Amino acid sequence: MNLLYANDIPGTYPPSWYADTAVPRPIATALDRDIQTQVAVVGAGYTGLSAALHLAQAGRQVVLVDAHRVGWGASGRNGGQIGSGQRINQPELEESLGHDMARDLWAIGQDARELVKSLIARHTIPCDLTPGITYTDHRQRYAAGTRAYVEHMNRHYNTALQYLDAGAVRERLGTQAYYSGLHDPDGAHLHPLNYALGLATAARTAGVTIHENTPVTSRDGRVLQTPGGQITADHVVLACNGYLGGLDDQVSRHVMPINNYIVATEPLGEALARELIPHNEAVADSKFVVNYFRLSRDNRMLFGGGESYSYRFPRDLAAKARKPMIEIFPQLADAKITHAWGGTLAITLSRLPYLRRLQDGVMSASGYSGHGVALATLSGALMAEAITGDSPRFDTMARLAHRAFPGPRRWRTPLLALAMSWYALRDRL
């Protein structure tokens, strides 16, 4: 078995099926001198790329730096799902925040989804955009709640969600593991690294200067230090998500990095692939530690599952996600795993994104909690809007109250691991 594992070799992408099938793109040179710019963006994932693109289109001079390559982090390794709304469902938001704020957040979530689709169309990004997401219930007792949720959303938010009973789930998926669910025809899935690379191409065409392999080692207000030179900017955008490091303590108290894992099987052939997911949608289940999966364009199963709570990956990455894959699809017991990789995303306690003005001329967006393909893309655009003087949507997100993770930095990871272990145990009860 020829497994490929994530690594940190400078100038390369961590091995994955995404990296193997990425559109080739030359490495941008590292920064090698002191510079001044109107806007400095730190982090070349979806947030930073979108911010840089929208700022350049608004006529700003933009320099974008990343410690590695464009899309090197979670933006190039994730499950590729584009959901609707926010990470928290609407009835919960209505109860906790009130109907008006909940509706505002729903509209922003829908804007995020549509922005991704429009950027792909406008810039002709070859990232295998495919419609449809199905959400499945792993416990029979969840069925009534899912049916009520679909009815609520269709009545009050004019969605096109479809409730799925057990028979309908089995018509859509070749598994006995789920009891009910819902289908969102307006959701979608894509090749996440090629989407990031397409955004980078669009940003460079718009005039953004990109420096890869350029880590920001320290920040003093709007002055950024890198190994090759200093950047002085009128505005700084921190778009680092799970890779913020020590650049801002306020953000690090509220946004916690966690790891997630994906495996890719060998090509399964058309017949088996269509037996497993006949309509080629993406799927995510109701477990707290979510299993999520979809088919690649060459009929591999791309299956994500399992979490850990430090920057260290498990020794056997393949086993981390393969075990739940076989539980859901016993048909894949003999399928070879050709790729296994991990990625670091970031969560908040509320599971809602953390957008803030940190000080004069400095803002940050991160903490997408597994809903980042769409929300990170829009958050970058919202920071661009705020810098250019149009901030209502950014301000809506920045008004969200967030609790800090408890304890000093050295305690946060073990406390999070303890809490997550409890919720993971609930998945098995």
Side-chain angles (χ1 to χ4, degrees), residues 11 13 18-19 21-33 35-76 78 80 82 111-129 188 190-214 216 224 226 231 233-241 365 372-390:
Y13 286 101
Y18 298 141
T21 54
V23 175
R25 178 182 171 276
I27 301 175
T29 58
L31 183 67
D32 61 359
R33 66 193 187 284
I35 61 172
Q36 291 188 326
T37 185
Q38 289 181 312
V39 186
V41 180
V42 184
Y46 302 143
T47 307
L49 291 165
S50 178
L53 170 61
H54 286 91
L55 283 161
Q57 289 174 333
R60 298 303 193 269
Q61 178 194 31
V62 185
V63 173
L64 171 62
V65 298
D66 195 278
H68 300 281
R69 300 290 308 279
V70 164
W72 182 92
S75 293
N78 65 78
I82 308 167
D111 289 347
R113 186 191 68 199
E114 295 312 306
L115 177 61
V116 172
K117 294 179 181 179
S118 68
L119 288 170
I120 292 168
R122 186 182 315 142
H123 300 290
T124 321
I125 300 175
C127 60
D128 306 331
L129 182 65
L190 50 67
H191 187 301
L193 180 53
N194 277 339
Y195 173 54
L197 295 173
L199 290 178
T201 298
R204 290 182 64 166
T205 300
V208 176
T209 299
I210 298 176
H211 293 291
E212 296 179 295
N213 298 314
T214 302
V216 174
L224 308 174
T226 80
I231 306 171
D234 300 329
H235 296 273
V236 169
V237 169
L238 298 179
C240 307
N241 205 36
V373 178
L375 288 178
T377 302
L378 183 70
S379 293
L382 297 188
M383 288 191 287
E385 288 178 0
I387 288 171
T388 57
D390 180 21

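Every heavy atom of this structure was used, including side-chain atoms; hydrogens, water molecules and symmetry mates were not. In this text the structure is predicted, and so the values were computed from the model without any measurement.
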(message) Give me each pair satisfying salt bridge (Lys or Arg N to Asp or Glu O under 4.0 Å) with a member in residues 44-59, each pair once, sequence neighbours excluded.
(response) none

(request) Kindly compute the distance separating CG (Leu382) from CD1 (Ile387), expressed to the nearest 0.5 Å. (result) 11.5 Å

(request) Taking all heavy atoms of Tyr18 and all of Gly80, pick out the closest pair and write down the distance. (result) OH-N, 4.4 Å

(message) Any non-hydrogen side-chain atom of Leu197 less than 4.5 Å from a side-chain atom of Leu193?
(response) yes

(message) Distance check, rounded to the nearest 0.5 Å: Ile35 atom CD1 versus Thr37 atom OG1?
(response) 6.0 Å

(request) Evaluate the side-chain proximity of Asn241 to Thr47: yes if any heavy-atom separation is below 4.5 Å, no if none is. (result) no

(message) Against Ile125, only a single residue in Leu199, Leu190, Asn194, Val23 fulfils side-chain contact (heavy atoms from CB on, under 4.5 Å); can you say which?
(response) Leu199

(request) Using modelled atom types only, decide if a donor and an acceptor are shared between the side chain of Ser379 and the backbone of Ala365 within a distance under 3.5 Å. (result) no

(request) Look up atom NE2 in His68 and atom CG in Asn213, then write down how far apart they are to the nearest 0.5 Å. (result) 8.0 Å

(message) Would you say that Thr29 contacts His211 through its side chain, given a criterion of any heavy-atom pair below 4.5 Å between the two side chains?
(response) yes

(request) Would you mind reporting whether Ile82 and Leu129 have side-chain heavy atoms less than 4.5 Å apart? (result) yes

(request) Quick one: closest heavy-atom pair of Ala239 and Val41, and the distance? (result) CB-CG1, 4.5 Å

(message) Which heavy atom of Thr388 sits nearest to which heavy atom of Ala58, and what is that distance?
(response) CG2-CB, 3.9 Å

(message) Asp390: which residues meet the salt bridge (charged side-chain N to carboxylate O under 4.0 Å, His left out) condition with it, sequence neighbours left out?
(response) none

(request) For Asp128, enumerate each residue passing the salt bridge (charged side-chain N to carboxylate O under 4.0 Å, His left out) test, keeping only those at least two apart in sequence or located in another chain. (result) Arg297

(message) Side chains of Ile120 and Cys127, heavy atoms from C-beta outward: is any pair under 4.5 Å?
(response) yes

(message) Can you pull out every salt bridge (Lys or Arg N to Asp or Glu O under 4.0 Å) where at least one residue sits in residues 40-60? Sequence neighbours excluded, please.
(response) none

(request) List for me each residue that meets salt bridge (charged side-chain N to carboxylate O under 4.0 Å, His left out) alongside Arg25, sequence neighbours excluded, and say none if there are none. (result) Glu212

(message) Testing the basics here: between Leu378 and Ala112, what is the closest heavy-atom pair and its distance to 0.1 Å?
(response) CB-CB, 3.6 Å

(request) Drop me the distance from Thr226's OG1 to Leu31's CG, to the nearest 0.5 angstrom. (result) 4.5 Å

(request) For residues Val208 and Leu53, report the shortest heavy-atom separation together with the two atoms involved. (result) CG2-N, 4.3 Å

(request) Would you name the heavy atoms of Ala206 and Ala56 that are closest together and state the gap between them? (result) O-CB, 3.6 Å

(request) Could you please spell out the steps behind the side chain to side chain contact (heavy atoms under 4.5 Å, CB included) verdict for His123 and Thr201? (result) CA-CA 9 Å; His123 300 290; Thr201 298; over 6 Å; no

(request) State the CZ-OG1 distance between Arg204 and Thr209, to the nearest 0.5 angstrom. (result) 9.0 Å

(message) Going by side-chain contact (heavy atoms from CB on, under 4.5 Å), name the residues that satisfy it together with Thr377, two or more places apart in sequence or in a different chain.
(response) Tyr46, Ser50, Leu115, Val116, Leu119, Tyr195

